[in-house]
Amino acid sequence: MLKRTHHCGQLRLTDAGKSVVVTGWVQSYRDHGNLVFFDVRDREGLTQLVFDPETSPESHQLARTVRCEWVIAAAGTVRPRGEGLENPKLATGQIEVVVERFEILNMAKTPPFELDNASRTNEETRLMYRYLDLRRPEVQQRLRVRHRVTSLARRYFDEKGFWEIETPMLAKSTPEGARDFLVPSRLVRNTFYALPQSPQLFKQILMVGGVDKYFQIVRCFRDEDPRADRQAEFTQIDVEMSFVDVDDVIAIHSELVARIWKEVLGVEVALPIRRMSYAEAMADYGIDRPDVRFDMKLKDISDLARQTTFKVFTSCIENGGVVKGLCAPSGEFYSRSDIEKTLTTLVTDFGAKGLAWLKVKMEDGAPTFIGGIGKFFSDDLGRQLVQRFGAKDGDVLMLVADQESIANKALAPLRCRIARDLKLYDPKSFAFLWVVDFPLFEWNADEKRYDSLHHPFTAPVPEDLGKLETDPAHIRSQAYDIVVNGSEIGGGSIRIHRPEVQQKVFDLLNISRKQAEDRFGFFLKALDYGAPPHGGIAFGLDRLTMLLTGTENIRDVIAFPKTQRGQCLMTDAPSEVDSKQLDELNLRTQKHLHAVEPKPEN
RNA sequence: GGGGCCGUAGCUCAAUUGGUGAGAGCAUCGGACUGUCGAUCCGAAGGUUGUGGGUUCGAGCCCCAUCGGCCUCGCCA
């Protein structure tokens, strides 16, 4: 077999005259009967081969039989292309390889889709033939970025004294948070492992074990319905450190993020990265992961709305709700129907009852309102309203009246949608942010107890410790999320390292001693044996890569992704198993049960 | 569990209000051709319109069910 000397995509004018061997897949061939041209592709690019019957009649003859995607090796001489024959579209377009020896390493069936048109091909077909889609430069570019991030992270953490340590994939089910994937045990009948939702407890126990600094690039599993930006199995860059506080964790990971952006995109991230409190994020953006590439802050106008004659507003406030909204510098962009159909649908999808709007018209410095609900505002209230938003002529005020949580939930995506429509930011830019001072708990009205906002091992800020007894709702936690362009790419916290505080938190979460013992007993026991103060963070590698590659589809950054039903179209997983396998596991499916004991008719 | 969009040749799409024989580009196959690079030119082949019912003289088009893909609410950090 001819041994490769150069990658396709590597050769330049300066290589002219060299004898080289390139290998790869035939991207296209152009057969002129006499001269034959190939574009050969490998991971690094394309090279044009020329087959001339006068140079090598055997190679030329063989080349004429070749088809797209066949695997070939060609030995020849690098030659500058003639005047006017260069191809500026190719990095190697200044040269070509005149083939002297040629081997067909493998033939290939005609692909089910054309690789150069694959971006327009049905994703279903591409997933079924993932190995063909993977040959495309765009797809490989994303995998390359992902690799750069992981390899950089490994170098970075090694430099900083972290150890990469693996934690079990077959772990204990702790039915908190997301649904677990279960794995039946053969040796211990009727018991199950769970695939880890994250290595949370293991990494904390590593700290108790004196490891001091840990990281892992680790697969995590959560059996919940997928979305464009999440699927059931995903990868975290998982980190834990001992004897640190919030500032330490933020500093070391700000630097990591800055290095990633610098190395992958050449983008300088200004350090320190800005911090924003959870309270500020919710008030101004309605969400704990605000996109701060643009301003257009939300404003609470409950105090003004209360004084209007608009019953929707006044009764909402009487019922403990708020009126909150934003000012869209719309000009003529949104028609009445855009607002009342498209944008209203958007907010109602998130639970709001409607979208109130009014368009500002300034006459001699005094505002009047066109359309919508302007008539419910007196002149004085109107002036205050315009002042509150800093609205200008042509702006449209959009308001949601509801419970604060619903208003926020509806307004946050509305704000992003409007900013995108009105092009209020450069889509290529990045805005980084640490969100801090999260509440430790949120009240769960259905269950009449508190829920952890982060997770039950998050430490309160020390000065709020006293409120564990008196005012749990207002305890701040030592948690932090890093947000880029409205996307949370990582989050973590300083952990509770004192058993009595941990117990207190379980009490507030309404987790009984018995439940705590059953689920986390091993962990609580570890805390009893001298746990150092510690904290950590986990980054979502998939989302990180999505941001760096500018895609909105998580399947684009995963080599072998799954569909919305969690299936792999290439391997056809999940699939049924032999009854023998089930027997060994002491399992029987309901399907089999029904086969044995059919339900009576009707 | 709910809502929305989609499914026609290998791929991407077309097909008037339900009306003759479901078309085109690319890919494929055969032929021609000395500089192409989305090669070009000539020719050929390629279809259970996702599947199953129904309405109708007649269904790619209308109705019902079902399968699959994507987006989304719930769910999920």
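Protein chains get the first letters and strands the later ones, always in sequence-line order, with residue 1 at the start of each.
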Touch class at under 4.0 angstrom, heavy-atom based, for A/D225 against every strand present: base
Sugar-phosphate only, base, or nothing, as touched by A/K409 at under 4.0 Å among non-hydrogen atoms: sugar-phosphate
Given RNA chain B, 5'-ward residue of the pair A/R179 and A/L85, judged by closest heavy atom: A/L85
Sugar-phosphate only, base, or nothing, as touched by A/E96 at under 4.0 Å among non-hydrogen atoms: base
Test salt bridge (charged side-chain N to carboxylate O under 4.0 Å, His left out) applied to A/D464 - qualifying residues, sequence neighbours left out: A/K467, A/R476
5′-ward residue of the pair A/D52/A/F350 relative to RNA chain B: A/D52
Sugar-phosphate only, base, or nothing, as touched by A/R64 at under 4.0 Å among non-hydrogen atoms: base
Sugar-phosphate, base or nothing in reach of A/E124, heavy atoms under 4.0 Å: sugar-phosphate
Sugar-phosphate, base or nothing in reach of A/E114, heavy atoms under 4.0 Å: base
Sugar-phosphate, base or nothing in reach of A/R565, heavy atoms under 4.0 Å: sugar-phosphate
Touch class at under 4.0 angstrom, heavy-atom based, for A/R555 against every strand present: sugar-phosphate
Salt bridge (charged side-chain N to carboxylate O under 4.0 Å, His left out) partners for A/D116, two or more places apart: none
Start and end of the RNA chain B segment that chain A contacts, any atom under 4.0 Å from a heavy atom: B/rG1 to B/rA77
Sugar-phosphate, base or nothing in reach of A/E86, heavy atoms under 4.0 Å: base
Touch class at under 4.0 angstrom, heavy-atom based, for A/H455 against every strand present: nothing
Sugar-phosphate only, base, or nothing, as touched by A/E54 at under 4.0 Å among non-hydrogen atoms: base
